[in-house]
Each structure stands twice: as C-alpha cells, then as structure tokens.
Amino acid sequence: MPELPEVETTVRALRPLLVNQAITYVHNNWPRHIATPSLAETQYRLHGRHIQAINRRAKYLVFTLSGGETLLIHLKMSGRLLVVDRHETADKHVHTVFGLKNGQELRFWDQRKFGRVYVTRHPEQVLGRLGPEPLETAFTIQVLAQRLHGRSRLLKPLLLDQAFVAGIGNIYADESLFYARLHPQRLANTLTSAEVTALHTAIQKALTLGIEREGASIDLYVKPDGSKGDMQNAVAVFRRTGLPCKECGTPIERMVLGGRSTHFCPNCQT
DNA sequence: ACCGGAGCCTGTTAGC
DNA sequence: TGCTAACAGGCTCCGG
C-alpha cells in the first residue's frame, strides 16, 4: 500500500530520471484509470509537455509540466510507477503509459486498478481538502493538539483521515500508535498534552523510518527500478499478529476498526 | 460530527 | 485436490 514514505521514495527515484524530459505520447487500456479529463483530452494536453518538477502532496505524485499543466497520480492500493525502455515487454497490469522523448516510458502498473491519473491546470481542486503534511515544519505539536481538540473519534480512523493529517495509511497509522504507546481505540479528545506530544513524535518517527527504509514492500509496492523497499523488515506491529511485541514480548493483537485491520500491543498501548 | 456499509478491483488464501 | 467465498485496502459517497 503506497503511503507517504512509498510515494516519497517513488518521487525521489523518478526525479533524476524524468525532470526535463518531454512526454511524447500517452497510451491507456483502462480508461477509468484517467480520472479527469477524458483519455483523448489527456493525450492532447500532455503531448509535448516538459516535466519541470516532481513533488509529493500526501499520497499524490505531482508533476509540474510546461504550459501550466499539472499531472497528478495516485497509486492507491497497488500502483507502481516504473521507468523502462519502450522496447521492454509489456506487462498485463500496466494500464497507462507515458512515452518520453528519450525512448523510455513511465509505466503505471496497477494490478487492482484503483489508481488514478489527473491532468489539471488547478491542482488545488484535487488536493484542496487534504490536511497538513506531517513532516513539514508547519506541522507542530500545537497544530496537532488543535486538530485533536474536540474530536470524539477513535485515533486509528482519525489518523487514516486524509483531511486530518495527509499521507498516513494503514501501515504507518499502526506503527505511529505503537510508538506513541496509544491504544487505537482511544478517543482523540482524551489525550493528555504529554500524549499529544508523544503522538506527534511517533508520527514523524514512523514516517521518517519508512522513508529511510525506502518504503514497505508488504503487498505489491516496489520502487521505480523494480526493487523492493526495506520497511517491511522494520515494522513493530503491522501484520505481526501473534508475534511477540518487540518491547515487552506480549503477542501482538489484531482488531478491525473502521473496516481496517489494526495491529497493536495490548500491554504497551493504553 | 461521527459511524458503518457499499463500491471500485484482482490475486491470494481460507474453508469446505 | 479443486472449487468457491472471503479478504485485503485508499478513498468517496450515502444513509443513519
């Protein structure tokens, strides 16, 4: 599941390969991959554009293009972005292809077809509802405290809410709550100021570790060169049900919250 | 304001 | 062994 660290890893890998390249064509065999506008208009508007910059906002890749256009890609569950020579054999799970002037292709591999491509002159219309970036300096303890204040939601579903904080998914939500020693069913407005501080530290620690490890290849995620990340070898609780807690040895438990698997240590997290 | 469920998908896995 | 049904999960939309 590509989350903030996986998308950030992808962005960093794509930058040296794609910045200053020009898009020469767009191929697609699954039109629903293109969220907006139509496939035909996407092809027309991307033709000949230069990629000026590649950045990340939450779990979106943001390609700044010449002529005021922005290409947004969300990998959702199973998306991979791969850069290969255009003569490489096609894989049946590649649904959108961006041809480049240098003879390579940016291929959007997406087994479960949840991923989406947007072309827009107004990216804020797609990105506008997102909450703060958890690794930026503007995301202070005070900001987190303010956003938790008065909320009577369970911590786990709240961390997954992209309007609350952007970029956290199921892996890093569970890891963050473990580091903060907070039970996933705690209500947001019951945290002490010390616990808010612990949660802030924990979110940044989990995400930073994920970036350092170049993402978690637990399901289908791989880097643009096809190799795996390493975060799956560093998780404390995610999908470690029944295995001993790395802090106290108590078996990790699993429960479903908000329809999502949730993994936690029943002894450490209160 | 918050919660739960459906829907979008396909490959894997649990259960019979 | 071979089949089917359940499951995984990011996000949006809908109804309560």
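Proteins come first, then strands; the chains are lettered A, B, ... in the order of their sequence lines, and each starts at number 1.
Proximity note for A:Asn170 (side chain, C-beta onward) versus B:dC3, B:dC9, C:dG9: the nearest is C:dG9. For A:Lys59, taking side-chain heavy atoms from C-beta onward, the closest of the listed nucleotides B:dT10, C:dC11, B:dC3 is C:dC11. Closest to the side chain of A:Arg153, out of B:dG11, B:dC2, B:dT10, is B:dC2. Closest contact between the side chain of A:Arg239 and the listed nucleotides B:dC2, C:dA8, B:dT10 involves C:dA8. Side chain of A:Lys113, nearest nucleotide from B:dC9, C:dG10, B:dC2: B:dC9.
At a threshold of 4.0 angstrom between heavy atoms, the contacts of A:Ser78 with the nucleic acid are absent. Within 4.0 Å (heavy atoms only), A:Leu154 reaches sugar-phosphate atoms of the nucleic acid but no base atom. Residue contacts shown for A:Phe238 are limited to sugar-phosphate atoms, with no base heavy atom under 4.0 Å away.
Considering only side-chain N and O atoms, A:Gln162 lies nowhere under 4.0 angstrom from the phosphate OP1 or OP2 of C:dG10. Note on A:His74: every side-chain N or O is 4.0 Å or more away from OP1 and OP2 of C:dG10. Side-chain N/O atoms of A:Arg116 include none lying less than 4.0 angstrom from OP1 or OP2 on B:dC8. Between A:His93 and B:dG11, a side-chain N or O to OP1/OP2 separation shorter than 4.0 Å is present. For B:dC8, the OP1/OP2 oxygens have no side-chain nitrogen or oxygen of A:Arg112 closer than 4.0 Å. Residue A:Lys92 has a polar side-chain atom (N or O) positioned under 4.0 Å from OP1 or OP2 of B:dG11.
Residue A:Asp110 contributes atom CG, which lies 16 Å from atom P of B:dC8 at whole-angstrom precision. Going from atom CZ of A:Arg32 over to atom C1' of C:dC11 covers 15 Å, rounded to whole Å. Between A:His33 atom NE2 and B:dT10 atom P the separation is 11 Å, expressed in whole Å. Distance CZ (A:Arg260) to P (C:dT12): 12 Å, rounded to an integer number of Å. Protein atom CZ of A:Arg151 is 9 Å distant from nucleotide atom C1' of B:dC2, rounded to whole Å. Atom C1' of nucleotide B:dC8 and atom CG of A:Leu75 are separated by 17 Å, given to the nearest angstrom. The distance between atom CZ of A:Phe114 and atom C1' of C:dC7, rounded to the nearest whole Å, is 12 Å. Rounded to whole angstrom, the span from the CE atom of A:Met255 across to the P atom of C:dA8 amounts to 14 Å.
Between A:Lys76 and A:Asp110 there is no salt bridge, since no side-chain N of the basic residue sits under 4.0 Å from a carboxylate O of the acidic one.
A:Val117 and A:Leu14 fall within a single hydrophobic cluster, where Ile, Leu, Val, Met, Phe, Trp and Tyr side chains are chained together by heavy-atom contacts under 4.5 Å.
The ring pair (Phe, Tyr, Trp, His ring centres under 6.0 Å) contacts involving residues 164-192 of chain A comprise A:His183-A:Phe264, where partners must be two or more places apart or lie in separate chains.
Between A:Phe139 and A:His200, the ring planes lie parallel to each other; the angle is under 30°, not in the 30° to 60° tilted range. Aromatic ring pairs are classed by plane angle as parallel below 30°, tilted from 30° to 60° and perpendicular above 60°; the pair A:His33 and A:His95 is perpendicular.
The closest side-chain heavy-atom distance from A:Thr270 to A:Arg181 is not below 4.5 Å.
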